Amino acid sequence: MSQVRLRFAPSPTGYLHVGGARTALFNWLLARKQQGRFILRIEDTDVARSTQESVDAILEGMTWLGLDWDEGPFYQSENFPLYKEYVQKLLDAGKAYKCYCSAEELEAKREKAMKEGGKPKYDGTCRNLPPQEDDGRPYVVRFKAPQEGTTSWVDLIKGKISFENVELDDLIIQRTDGTPTYNFVVVIDDATMNITTVIRGDDHVNNTPRQILLYEALGVPVPTFAHVPMILGADKARLSKRHGATSVMAYRDMGFLPEAMVNYLVRLGWSFGDEEIFSLEDLTQKFSIESVGRSASVFNPDKLLWLNAHYIKTGDPVRLAGLVTPFLKERGVDSEKGPGLVAVVKTLQERAKTMLELADGAVFYYKDGFEYDEKGAAKNFNPETPALLELLNAKLEGLATLDMESVEGVFKGICEEKGIKLGQIGPAVRLALSGTTASPGIYEMIVTLGMAETRKRIERAMAWIRR
RNA sequence: GGUCCCAUCGUCUAGUGGUUAGGACACCGGCCUUUCACGUCGGUAACAGGGGUUCAAGUCCCCUUGGGAUCACCA
């Protein structure tokens, strides 16, 4: 049995957006699951709109998500001679013809047809023109599509879809300037690259019958199609910038982990029983294109956030420390100086939903001379506080080892000795150490900060209260 | 407007003729607790409407309604 070949074919006119990323993911998953090949092809036949920056951005996005490709990236712009050859083949076979109608003429006809409530389709003026020598007039090449019959296919996601050929018109396959058009080029590329399965956005459903007709005219096998539904914004309109970030890399910059993105994207339209958490590796076993839903789905940032929190919570602290470092730099923190970043991360993991929050939460560990939260200070720094803090410092100093257990012992000791509750000293210590009223656990902070820094901060608080 | 596609809680979804219609996010409450979180327990919440078929319909068929895609010498 021959192996499956899938491809992701973005056009480089912008960054990799979440919709494209999901399409790429589905392609990648199916290729991996069936031990096939995953090919990356850049659709840059529109030379004017394509940019190298976009290509780079797309590759960066895929790499970040962990979607590697086996072949490519191939560039359509490098294949122009090949496309010309196929156009000529069709011309020679009488399956395509030159059309001399001008764009303006066509536009006028379309408008007229629309106005009269008719179909804005090519009227076939040049379809039956006798073959003639070039007389220098500009022309496009049109595909001579069958005018009767039905074209249909069984879509892996949507099931059987049929179109009446009458509804289709003779599409342009080569422009006046000699460059090929999209619908033609995809077919040639998918055919010559032996693509067996085409997974793409369902905005291509209407192009599919024309493409199938082209495959047939060319006498090459028609691939299997799977059209994945669109991703919508909260207002059920197609997802766009006004719904928030759509660029995959923007999510990295907002502190999202790639595994959260992958997990979220795959669950958008696909499910596996009641399971919610999937790694890329799980997915290569569990994913199936047939169980992708047929309807469009709304992008839900809350759920993405929840997944991100999950992956931060359960993530490897060493890796997270590496990932958070640039965000700390942005905050003017050099994590080389101060408590070990890995230990710091551990105290913050279950409190942060994004790497940004993790970074924000870590800043106090590395700052000295921070302000005390005003309300917190008013409430928790009392006249009796300095004495308690002094006692704490003394007891801490006497500790042989600084760990959670010994620190807890110190606090219990103080409470017993003074006949107070933890609530009468804890919040003050929290404020003294972090400057805020919301922080990691007190014992954790002390252990993470270390003896010297802890005592320094406590002393500073004492001085501040007595000032 | 033509063509094509779609329709279960607010959202993502399970469900393939017989279910108290399940799970997850969000939301609301209880518990846990040194703060914030985490965790945990519980709750509110859905088969768009109408016709059929059938002993039985969220599940099959038709219509209506609603949504989306597309109708380029863009991809």
Side-chain angles (χ1 to χ4, degrees), chain A residues 9-13 43-46 48-50 76 99 101-103 106-107 110 113-121 138-142 155 157-159 161-164 166-169 171-183 185-186 201-209 227 229-230 232 234 236-238 264 267-277 291 293-307 309 313 348-353 357 361 376 380 408 411 421-431 434 436-443:
Chain A
S11 65
T13 53
E43 311 230 314
D44 57 351
T45 50
D46 184 350
R49 296 203 306 154
S50 302
Q76 291 186 323
C99 170
C101 300
S102 75
L106 259 18
E107 186 55 37
R110 245 197 308 275
M114 280 284 228
K115 208 172 285 176
E116 288 166 0
K119 297 167 194 179
K121 88 178 230 190
Y139 64 88
V140 298
V141 178
R142 282 183 188 271
D155 196 277
I157 293 174
K158 307 232 177 207
I161 300 180
S162 307
F163 284 81
E164 293 301 321
V166 221
E167 303 294 339
L168 279 20
D169 59 359
L171 87 209
I172 293 173
I173 59 177
Q174 187 179 93
R175 301 185 184 97
T176 311
D177 66 3
T179 58
T181 58
Y182 167 76
N183 275 299
V185 167
V186 239
D202 76 359
D203 48 337
H204 286 287
V205 167
N206 291 279
N207 290 144
T208 307
H227 288 95
M230 303 275 89
L232 276 25
K236 306 250 175 152
R238 191 181 187 143
Y264 180 71
R267 276 288 287 105
L268 207 52
W270 176 84
S271 62
F272 191 79
D274 283 345
E275 289 184 42
E276 293 289 348
I277 304 299
S291 46
R294 302 134 305 272
S295 54
S297 31
V298 174
F299 188 85
N300 181 353
D302 276 336
K303 189 148 187 183
L304 206 209
L305 194 61
W306 173 76
L307 280 164
K313 227 177 307 174
L348 264 7
Q349 274 179 281
E350 57 184 29
R351 286 165 234 272
K353 290 190 191 302
E357 285 182 21
N380 301 306
E408 186 177 358
F411 276 84
K421 299 206 165 175
L422 194 53
Q424 290 171 271
I425 178 172
V429 177
R430 161 166 293 108
L431 204 52
S434 69
T436 69
T437 53
S439 77
I442 297 168
Y443 312 150

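What you see is a predicted model; the values in this text were computed from it and never measured. Throughout, a chain's letter reflects where its sequence line sits, starting with A, and its residues are numbered from 1.
At a threshold of 4.0 angstrom between heavy atoms, the contacts of A:Arg294 are confined to the sugar-phosphate backbone, with no base atom among them.
The closest donor-acceptor contact from the side chain of A:Thr176 to the backbone of A:Pro138 lies at 3.5 Å or more, if one exists at all.
The interatomic distance linking A:Asn183 (CG) with B:rA72 (P) rounds to 11 Å, in whole Å. Rounded to an integer number of Å, the gap from CG of A:Asn300 to P of B:rU11 is 10 Å.
Ring pair A:Tyr264/A:Phe299 is perpendicular by interplanar angle, where above 60° counts as perpendicular and below 30° as parallel.
The base of B:rG23 sits within donor-acceptor range of the side chain of A:Glu276, with an N or O pair under 3.5 Å.
Nucleotide B:rC32 has no partner under the Watson-Crick or G-U criteria, as no pair reaches both atom distances under 3.5 Å. Look at B:rU11: its Watson-Crick or wobble partner, with both distances under 3.5 angstrom, is B:rA24.
Residues A:Thr179 and A:Asp177 have side chains that bring a donor and an acceptor to within less than 3.5 angstrom of each other.
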Quiz item: In B/S/- notation, 5' to 3', how is nucleotides 32-39 of chain B contacted by protein heavy atoms closer than 4.0 Å?
Solution: --BBBBSS
Exercise. Give the B/S/- string for nucleotides 65-70 of chain B, one per nucleotide from 5' to 3', where a protein heavy atom under 4.0 Å of the base yields B, of only the sugar-phosphate yields S, and otherwise -.
Key: ---SBS
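The side chain of A:Ser295 approaches B:rC6 more closely than any other nucleotide in the set B:rU13, B:rC6, B:rU3.
The phosphate of B:rU13 (OP1 or OP2) has a side-chain N or O of A:Ser297 nearer than 4.0 angstrom. For the pair A:Thr176 and B:rC73, the criterion of a side-chain N or O lying under 4.0 Å from OP1 or OP2 is not met.
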